[in-house]
Amino acid sequence: METNWFRAITGRLFWLLLACLLVGWALGEPAWALVLGLAGYLGWMLRQLQRFQHWLQTRPSDPPPETAGMWGEIFDGIYRMQRRDKRLRARMQGVIERIQASTAALSDGVVMIDKDGHLEWWNHAAESLLGLRAPDDSGQHVHNLLRDPRFVDYFDSGRYGDPLDIPSPLNISTWLQYNITRYGNGERLLLVRDVTRLHNLEQMRKDFVANVSHELRTPLTVVVGYLETMIDSEEVIEPRWRRPLHQMQQQARRMQSLLNDLLMLSRLETSEARGEEKPVDIALMLPGIRQDALAFSGERQHSISIDCATQARIRGLESELRSAVSNLVFNAVKYTQDGGEIRISWTQDDRGARLSVTDNGPGIAPEHLHRLTERFYRVDSSRNSTTGGTGLGLAIVKHVLMRHKGELQITSTLGAGSTFTCVFPAERLI
Ligand code: ADP
């Protein structure tokens, strides 16, 4: 129950003063009796204050000194509060220790980084994966310890949607995956995982595809060569073999373009583009692509227009960018009905530049849009066998754009047409 201190003190003082007055009157000196009573009360209060201060300063965790009345309650109240705080602190400490013990047992590295990029705490796995040393590295800026430019770019970019895979700073044959998450007040949590096994498997897959494609090229060139020679001398060939020969030639050519696309994809996946990049003038490239597309359209009579609203150049590889744009324009020709309209536009705004290829073809149903850039994905396989597509064109476009820090956006309406847009970020423009 709460005590009303004011009433308790005034009540006690009133009775004391009354008692002093009565004694004083009895002795004939009421004034002196009052003064003495008040002085005694003040002295007692000062003594309790002094005991209180002594207890707080010397042994606050011990039980408080014994005293009666109001001061006893004050001592006990403070002592209870302290014990409650202590229990709470012990419980919090226990929780922190358990969290630390469980993160220490993780095989993934965990590093806590403050809002200015300094290391605050990390677990054992982070020590073995990144070579961090406690306590020397505590408080160091993350850039001083993880210096790979790809990591520095990733950390500073603030775009942590996708993880970053790069070799470990301790051993280049170990591959690490970095994942950053923001939390609290601008702090970041860096998660590091050893992905060497996955990376090696992925590398084996890429090497296998590249090797098979490479090995198949020569035999296929021989087959195509002989088929061409045989078709060239058709007059000496029995008429019933002519149709099969033409079909064999058509399919062999299809295999050739498949192998070329597979080789191109593996080159895009495995090689580094950084060294050979140059300013590429897209506006200059477009008329040539338009001419090739018109030739490809031939009797199908598509109309192809170019709308160039900028002269911006892109830092990148000309052959790759040409191949990406050609793929989009040739797709538009392939999938748009005869006499259809295709518009190529090259524009720029403060966020970057956009190259769009719009057609008024059959369009693509929304459920296919997000899968179009997968290898060998086709909306309609029957439509494809007539167009001779490999199913790899848009995968190549996506990879080329990824290497140029861009992205492919696709919008389409069934029956009305499609727009494929290559979006390049402003930092890539010159
Ligand atoms: P393909 O070699 O089959 O053309 P792509 O990867 O270039 O392979 O394209 C994947 C699929 O996307 C195509 O099979 C086609 O169904 C669809 N597609 C691509 N471009 C268009 C377009 N302009 N209009 C309609 N469908 C398209």
Side-chain angles (χ1 to χ4, degrees), residues 206 209 213 216 220 250-269 286 289-290 292-298 300-307 319-346 354-404 406-423:
K206 288 176 190 165
V209 173
S213 316
L216 284 177
L220 201 59
Q250 199 187 0
Q251 293 303 324
R253 286 206 176 126
R254 204 163 158 209
M255 275 164 78
Q256 268 186 324
S257 40
L258 196 66
L259 289 186
N260 287 341
D261 279 1
L262 277 174
L263 277 172
M264 168 108 183
L265 256 180
S266 21
R267 206 174 45 71
L268 288 174
E269 279 182 332
L286 294 180
I289 293 178
R290 176 175 174 271
D292 293 346
L294 283 173
F296 178 61
S297 164
R300 297 181 59 208
Q301 299 274 320
H302 291 96
S303 88
I304 306 178
S305 60
I306 298 178
D307 171 18
S319 57
E320 289 183 7
L321 290 168
R322 178 185 292 278
S323 145
V325 181
S326 297
N327 260 314
L328 295 181
V329 180
F330 276 62
N331 267 355
V333 173
K334 269 196 286 185
Y335 298 108
T336 304
Q337 68 284 352
D338 295 0
E341 260 179 51
I342 295 161
R343 271 180 295 118
I344 311 172
S345 77
W346 177 226
R354 304 163 76 85
L355 184 125
S356 305
V357 179
T358 307
D359 62 56
N360 63 350
I364 306 160
E367 66 267 24
H368 297 295
L369 291 182
H370 69 286
R371 299 196 57 191
L372 283 188
T373 54
E374 281 175 22
R375 279 155 213 226
F376 301 113
Y377 187 83
R378 279 143 180 176
V379 173
D380 174 359
S381 51
S382 61
R383 199 200 288 168
N384 235 88
S385 56
T386 55
T387 59
T390 60
L392 295 171
L394 292 180
I396 291 179
V397 175
K398 184 179 126 179
H399 269 86
V400 168
L401 292 179
M402 262 162 55
R403 275 157 74 92
H404 290 81
E407 60 168 337
L408 179 65
Q409 291 176 355
I410 309 172
T411 53
S412 188
T413 314
L414 264 184
S418 321
T419 299
F420 290 75
T421 307
C422 308
V423 184

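We count ligands from 1, going down the list as the structure has it; atoms in each ligand are counted the same way. For the numbers below, each heavy atom of this structure counts, side chains included, while hydrogens, waters and symmetry mates do not. Just so you know, these numbers come straight off a predicted model, no measurement behind them.
Nearest residue to atom 10 (C) of ligand 1 from Y335, F376, Y377 is Y377 (criterion: closest heavy atom). Taking all heavy atoms of L328, I364, L369, T390 into account, the minimum distance to atom 25 (C) of ligand 1 is reached by I364.
For ligand 1, the polar-atom distance check finds an N/O of L394 within less than 3.5 Å of one of the ligand's N/O atoms.
Among V357, V333, L286, the one residue that satisfies the side-chain contact (heavy atoms from CB on, under 4.5 Å) test with I304 is V333. Each of I306, T419, T358 was compared with R343 under the side-chain contact (heavy atoms from CB on, under 4.5 Å) criterion, and only T358 meets it.
Judged purely by atom type and a 3.5 angstrom limit, H302 uses its side chain to pair as donor or acceptor with the backbone of T336.
Residues L372 and F420 form a side-chain contact, since some pair of their non-hydrogen atoms from C-beta on lies under 4.5 Å apart. In this structure, the side chains of H399 and L265 come closer than 4.5 Å at one or more pairs of heavy atoms.
With a 4.0 Å cut-off on non-hydrogen atoms, T336 does not touch ligand 1 at all. Within the 4.0 Å heavy-atom criterion, both parts of V379, backbone and side chain, lie near ligand 1. Heavy atoms of K334 found under 4.0 angstrom from ligand 1 belong exclusively to the side chain.
Assignment of G361 to the shell around ligand 1 is not supported, since no heavy atom sits closer than 4.0 Å. Under the 4.0 angstrom criterion for non-hydrogen atoms, G391 is in contact with ligand 1.
Every atom of ligand 1 is numbered from 1 in the order shown, and the set under 4.0 Å from a heavy atom of F420 is 19 (C), 20 (N), 21 (C), 22 (C), 23 (N). Distances below 4.0 Å separate heavy atoms of S418 from the following atoms of ligand 1: 24 (N). Listed by number with element, the atoms of ligand 1 under 4.0 angstrom from any heavy atom of R378 are 3 (O), 14 (O).
Partners of S323 according to the side chain to side chain donor-acceptor pair (under 3.5 Å) rule, which considers only residues two or more places apart in sequence or in another chain, do not exist here.
Other residues, nucleotides and ligands contribute more than 12 heavy atoms inside 6.0 Å of the CZ atom of R290.
Closest heavy-atom contact between G361 and Q337: CA-OE1, 3.4 Å.
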